[in-house]
Amino acid sequence: MTRYFFYKTLTKHEAKRRQMQLIGKLMREADVSAIRELVEGIDEAHTIGTRAFHAVEHLRDRLVEGDDAAVDEVFEQYPDVDGQHFRQLVRNARLEKSKGKPPKASRALFRMLRELAE
């Protein structure tokens, strides 16, 4: 792994060429299945994180749109949520949206939901 980073420090063309040849030789000798599994694991973790992010976004959007069933869902999923602060953020986010103001409370609501989901 450190040999790849060494390549980035080289400035001469011939040195870079020789280093790339060495990296190619090492990659031909390497176990490809282990590398493939590692890359797939990283991709899967990224996909799971993206899905969770979108789920929190969707929940926040439902809350801001006025879906009171979503408020109940939050209280069911996260019983330790600070109810007063949560309801205040939802109310402020709805007001901001109706008045066309910047989404400060909506962002704070998203942060709160993301912290609860983690």
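Predicted, not measured: the structure shown is a model, and the values here were computed from it.
Across all non-hydrogen atoms, the minimal contact from D82 to M112 is O-CE, 4.1 Å. When every heavy atom of L116 is checked against every heavy atom of Y78, the shortest pair comes out as O-CE2, 3.5 Å.
Side-chain contact check for K25 versus R28: some heavy-atom pair is nearer than 4.5 Å. Within the 4.5 Å cutoff, the side chain of V74 has no heavy atoms near those of the V90 side chain.
Rounding to the nearest 0.5 Å places CD of E96 at 9.0 Å from CZ of R107. A distance of 9.5 Å separates NZ of K101 from CG of N92, quoted to the nearest 0.5 Å. If you take CG on D61 and NZ on K97, they are separated by 7.5 Å, rounding to the nearest 0.5 Å. Here CG of L38 is found 9.5 Å from CG of D43. Values are rounded to the nearest 0.5 Å. Rounded to the nearest 0.5 Å, atoms NE2 (H46) and CD1 (I42) are 11.5 Å apart. Note that CG of L109 and CG of L59 are 7.5 Å apart. Values are rounded to the nearest 0.5 Å.
The salt bridge (Lys or Arg N to Asp or Glu O under 4.0 Å) with D67 is formed by just one residue from the set R94, R62, R60; it is R62. With respect to L89, the side-chain contact (heavy atoms from CB on, under 4.5 Å) criterion is satisfied by exactly one of R87, H85, R91: H85.
Environment of CD in E44: sparse, with no more than 12 heavy atoms of neighbouring residues, nucleotides or ligands closer than 6.0 Å. Annotation for E14: atom CD counts as buried by contact number, over 12 foreign heavy atoms lying within 6.0 Å.
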**Item:** side chain to side chain contact (heavy atoms under 4.5 Å, CB included) between Q19 and L22, worked out
**Value:** CA-CA 5 Å; Q19 189 66 25; L22 177 63; 4.1 Å; yes
**Item:** F86 vs L63, side chain to side chain contact (heavy atoms under 4.5 Å, CB included): CA-CA, chis, key distance, verdict
**Value:** CA-CA 11 Å; F86 172 71; L63 289 166; 3.8 Å; yes
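L95 and V71 fall into different hydrophobic clusters, where Ile, Leu, Val, Met, Phe, Trp and Tyr residues are linked whenever their side-chain heavy atoms come under 4.5 Å apart, directly or through other members.
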